[in-house]
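Have a look at the structure below, then the notes.
Everything numeric here is computed off the predicted structure, so don't read it as measured data. Reckoned from all heavy atoms, side chains included, excluding hydrogens, waters and symmetry mates. Order of listing sets the numbers, starting from 1, for every ligand and every atom in it.
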Amino acid sequence: MNHLTWVELNREAYRFNMEHFRKLAGNNRKIMAIIKSNAYGHGLYETALLAQECGNADMLGVYSLQEAKHLYGKGIKLPIFIMGYVMAEEFNDIARHDFSICISSLDQLKAVAETIGTKTLKIHLKFDTGLRRLGFLPEETQELLAWLSEHENFRVEGIFSHFANIEDTVSHDFAKEQRDTFEKMCAPFMKKYNPLRHIACSAAGLLFPDTYFEMIRSGISMYGMWPSKETLITSLKSNMAGELKPVLSWKTRIAQVKDVKPGDTVGYGRSHAITRPGRIAIIPVGYNDGYCRKYSNSAKVIVRGIEAPVIGRICMNMSMIDVSHIKDASREDEVILIGSCGNSSVTADFLAGISDTINYEVTTRISPFIPRVIV
Ligand SMILES: *Cc1c(COP(=O)(O)O)cnc(C)c1O
């Protein structure tokens, strides 16, 4: 079946990125494929399938219980780790599904213990080493350890933390401090639990082997995107330079082509004026789909291998492009919103530049209603 608007996931690109991480991690460490937020817009289930299929992922990381249950219901077999906060009353459900879950405070732990009674639970303790988001502070770990020693049904499968400033900078002193704090905070737990320690995200995975511990959690780079320009620069200067291949393409089709003449204006607010006789095409994608309104009069797409500028304002469900220079452009022609064809390409980074955000947000915002197709 042909789709009107769809997202393509390139299996070979995913496999390539995953193999790159397996080479970095070696065979003795685990890799957690981070697929929260609809796999950064790539499609939760489809990406879980790819991760499972390629054989290099040991675990899947999601944010919510809903995401975890969706994957479980679809028959995904890889172990699932829930990184976000889940209400204490939901923990019987978690124990039943055998999901691994983040625990970030003693307060939460006590409420969970009350809910699950003597059932066993696989937990990953979240340590706050500097981000000041979820997690135990260094001064809280002693009490935590004491409490856990009296509650044997809580199995400490992992301990993890998250970097605060590893993407936005080429100076990594704070990240190094966090890494060392993490190691110190974990030390008293090692003998009894032998937990999987994990603190490395994509940027750390791409740059600093001494952050790997027993597992790497990688999101953005699995999708073939660099965590930031700074990460790319640091990587190129190091002996760890590697290539990543973008997994996602976003495509739609022309709904109508029409001639326009000088004096015409295009779209809401009449923000684009036609100065020469030409042709425009209307495409059925707008900000509802995650095609950001900031792309108005700024973004570009690819039609028949040729770049075409977005003209006028992005509407809720439609946008207009200038195809005056693409002679044969016709109705139902494929239009590439993100992706490449021949020498033309539109990257998530390019769109992020226009909308003053990061590539993470550009793909994450692609509507979950749009079909994801593995090619
Ligand atoms: C999102 C997230 C990651 C993945 O980060 P990337 O930069 O995409 O690799 C890892 N750990 C936690 C806790 C996260 O929230």
**Asked** Touching ligand 1 at all, Arg133? Heavy atoms, strictly under 4.0 Å?
**Response**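 Yes, that is the case, since the closest heavy atom of the residue is under 4.0 Å from the ligand.
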**Message:** Treating Ser344 as the side-chain partner and Gly342 as the backbone partner, does any N or O pair qualify as donor plus acceptor under 3.5 Å?
**Reply:**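 Not a single qualifying donor-acceptor pair exists.
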**Message:** Using a 3.5 Å distance criterion without hydrogens, assess whether the side chain of Arg365 forms a donor-acceptor pair with backbone atoms of Cys292.
**Reply:**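 No: the side chain of Arg365 does not pair with the backbone of Cys292.
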**Message:** Using 30° and 60° as the class boundaries, would you call the ring planes of Trp6 and His3 parallel, tilted or perpendicular?
**Reply:**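 Aromatic pair Trp6/His3 classed tilted.
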**Item:** Geometric class of the Phe208/His172 ring pair [parallel <30°, tilted 30-60°, perpendicular >60°]
**Value:**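 It falls in the perpendicular class, over 60°.
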**Item:** Gly219, any N or O under 3.5 Å of ligand 1 N or O
**Value:**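 Yes; at least one N/O pair falls below 3.5 Å.
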Enumerate the atoms of ligand 1 whose separation from the nearest heavy atom of [X] is less than 4.0 angstrom.
| X | value |
| --- | --- |
| Cys201 | 5 (O), 9 (O) |
| Met83 | 12 (C), 13 (C) |
| Ile220 | 6 (P), 7 (O), 8 (O), 9 (O) |
| Tyr40 | 1 (C), 4 (C), 5 (O), 6 (P), 8 (O) |

Got the closest protein heavy atom to [atom], with its distance?
| atom | result |
| --- | --- |
| atom 12 (C) of ligand 1 | His162 CE1, 3.4 Å |
| atom 7 (O) of ligand 1 | Tyr360 OH, 2.7 Å |
| atom 10 (C) of ligand 1 | Arg217 NE, 3.4 Å |
| atom 9 (O) of ligand 1 | Ser202 OG, 2.5 Å |
| atom 1 (C) of ligand 1 | Lys36 NZ, 1.4 Å |

**Item:** Donor-acceptor pair between Ser324 and Asp322 side chains, under 3.5 angstrom
**Value:**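 Asp322 and Ser324 do have a side-chain donor-acceptor pair below 3.5 Å.
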**Asked** Cut-off 3.5 Å, side chains only: do Ser340 and Ser345 have a donor facing an acceptor?
**Response**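 Absent: no donor and acceptor within the cut-off.
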**Asked** Do the two ring centres, one from Phe81 and one from Phe160, sit under 6.0 Å apart?
**Response**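 Yes, the ring centres sit under 6.0 Å apart.
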**Request:** Would you mind checking if Lys110 and Glu114 are paired as a salt bridge, meaning a charged N to carboxylate O distance below 4.0 Å?
**Result:**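 Looking at Glu114 and Lys110, the cut-off is not met.
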